[in-house]
K.L.:
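Below you'll find the structure I mean.
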Amino acid sequence: MYPFEIIYDEPMVADFSKMILRIVEDILQGKEKGLIAAAFHNTIIRVITDVVMDIHRQCGIKEVVLSGGVFQNTYVLKGAIERLRESGFVAHINEKVPCNDAGISLGQAYILRERLKEGMEQK
């Protein structure tokens with residue numbers, strides 16, 4: 001796994017600069033690409049799960065939805081689900097809608113529809 005830092009600000013930011021420098025070092029040292037890739041993916045899993053755990057400590061959530069293009073990577077998806085479940089979380093994933101930009105667009109359209117309905121009800 002590579003180093004990273006979570007910056008607790010508004011918004012919360014994952015700083016990957018140290019990871020990128022280490023990846024460059026590993027490449028320059030001729031390390032096996034498969035090992036570099038595995039370390040990169042395991043770092044992403046760790047960041048995802050650490051952020052969820054931090055939010056849990058702040059808000060008490062125990063259920064999380066994993067969605068977005070990164071979760072098209074089955075290694076990252078399975079790793080994040082496994083680590084979250086081991087920590088007592090319930091992880092939900094997309095089943096009927098893609099986890100990538102198509103799903104985001106659908107979610108945005110749904111929110112707009114609900115806001116328009118609220119506006120109509122208030123009149």
Side-chain angles (χ1 to χ4, degrees):
M1 197 168 60
Y2 289 113
F4 63 90
E5 182 181 2
I6 298 173
I7 300 167
Y8 297 95
D9 206 352
E10 283 295 323
M12 185 185 304
V13 174
D15 181 353
F16 294 105
S17 57
K18 292 177 184 173
M19 177 184 73
I20 293 168
L21 292 172
R22 287 280 303 278
I23 289 172
V24 170
E25 287 175 18
D26 287 351
I27 291 169
L28 293 175
Q29 292 175 5
K31 289 193 178 174
E32 187 180 327
K33 290 177 183 173
L35 294 176
I36 295 170
F40 167 79
H41 287 92
N42 288 327
T43 303
I44 298 301
I45 292 166
R46 181 66 183 265
V47 170
I48 291 164
T49 56
D50 281 4
V51 166
V52 169
M53 290 177 200
D54 288 341
I55 293 170
H56 164 72
R57 283 189 284 278
Q58 295 170 17
C59 306
I61 64 158
K62 289 303 277 182
E63 293 190 50
V64 62
V65 177
L66 303 177
S67 188
V70 70
F71 295 108
Q72 288 181 278
N73 181 310
T74 55
Y75 182 85
V76 171
L77 177 64
K78 289 179 180 180
I81 289 172
E82 182 179 307
R83 190 156 190 267
L84 288 167
R85 286 183 178 159
E86 287 171 356
S87 298
F89 290 90
V90 176
H92 301 279
I93 60 171
N94 299 66
E95 293 179 5
K96 296 181 180 179
V97 176
C99 64
N100 58 18
D101 289 351
I104 292 170
S105 297
L106 180 60
Q108 290 170 333
Y110 177 81
I111 290 169
L112 176 61
R113 183 191 79 168
E114 292 303 304
R115 287 184 179 169
L116 288 172
K117 282 175 27 182
E118 284 177 10
M120 290 177 193
E121 292 171 3
Q122 292 176 0
K123 289 183 180 180

K.L.:
Shared ILVMFWY cluster between Met19 and Val13, side chains joined below 4.5 angstrom?
P.N.:
no
K.L.:
Considering the options Ile81, Val76, Asn73, which one meets the side-chain contact (heavy atoms from CB on, under 4.5 Å) requirement together with Ile45?
P.N.:
Val76
K.L.:
Rounded to the nearest 0.5 Å, how far does OG of Ser17 lie from CZ of Arg22?
P.N.:
12.5 Å
K.L.:
What is the distance from atom NZ of Lys78 to atom CG of Leu66, rounded to the nearest 0.5 Å?
P.N.:
14.0 Å
K.L.:
Distance check, rounded to the nearest 0.5 Å: Ile55 atom CD1 versus Met12 atom CE?
P.N.:
5.0 Å
K.L.:
Could you name each residue pair satisfying salt bridge (Lys or Arg N to Asp or Glu O under 4.0 Å) that touches residues 29-46, not counting sequence neighbours?
P.N.:
Asp26-Lys31, Arg46-Asp50
K.L.:
Report the distance from atom CG of Leu84 to atom CE of Met53, rounding to the nearest 0.5 Å.
P.N.:
6.0 Å
K.L.:
Hey, what's the ring geometry for His41 with Tyr75, parallel, tilted or perpendicular (30° and 60° as the breaks)?
P.N.:
perpendicular
K.L.:
List the atom pairs, donor and acceptor, that lie under 3.5 Å between side-chain atoms in residues 99-114 and the rest of the protein, sequence neighbours left out.
P.N.:
{"from": "Asn100", "atom 1": "OD1", "to": "Ala102", "atom 2": "N", "distance (Å)": "3.1"}
{"from": "Ser105", "atom 1": "OG", "to": "Asp101", "atom 2": "O", "distance (Å)": "3.1"}
{"from": "Glu114", "atom 1": "OE2", "to": "Lys117", "atom 2": "NZ", "distance (Å)": "3.2"}

K.L.:
Does Ile36 form a side chain to side chain contact (heavy atoms under 4.5 Å, CB included) with Tyr2? I'd like the steps, not just the answer.
P.N.:
CA-CA 9 Å; Ile36 295 170; Tyr2 289 113; 3.4 Å; yes
K.L.:
Would Leu21 and Lys18 count as a side chain to side chain contact (heavy atoms under 4.5 Å, CB included) if you check the C-alpha gap in whole Å, the side-chain angles of each, and the deciding distance to 0.1 Å?
P.N.:
CA-CA 5 Å; Leu21 292 172; Lys18 292 177 184 173; 5.5 Å; no
K.L.:
What ring pair (Phe, Tyr, Trp, His ring centres under 6.0 Å) pairs are there with at least one residue in residues 49-73, not counting sequence neighbours?
P.N.:
His56-Phe89
K.L.:
Hey, could you give me the CD1/OG1 distance between Ile48 and Thr43, rounded to the nearest 0.5 Å?
P.N.:
11.0 Å
K.L.:
Verify the neighbour count for atom NZ of Lys62: are there more than 12 heavy atoms of other residues, nucleotides or ligands below 6.0 Å?
P.N.:
yes
K.L.:
Is Val52 reachable from Met1 through a run of I, L, V, M, F, W or Y residues, each pair having side-chain heavy atoms under 4.5 Å apart?
P.N.:
no
K.L.:
Say whether Val64 and Val51 are linked into one hydrophobic cluster, either directly or through other cluster members, by side-chain heavy-atom distances under 4.5 angstrom.
P.N.:
yes
K.L.:
Are Ile44 and Val65 connected in the hydrophobic side-chain network, where two residues link if heavy atoms are under 4.5 Å apart?
P.N.:
no
K.L.:
In Å, rounded to the nearest 0.5 Å, how long is the span from CG of Leu77 to CG of Asn94?
P.N.:
9.0 Å
K.L.:
Would you say Ile23 ends up clustered with Leu35 if hydrophobic residues are merged whenever their side chains have heavy atoms under 4.5 Å apart, either directly or through other cluster members?
P.N.:
no
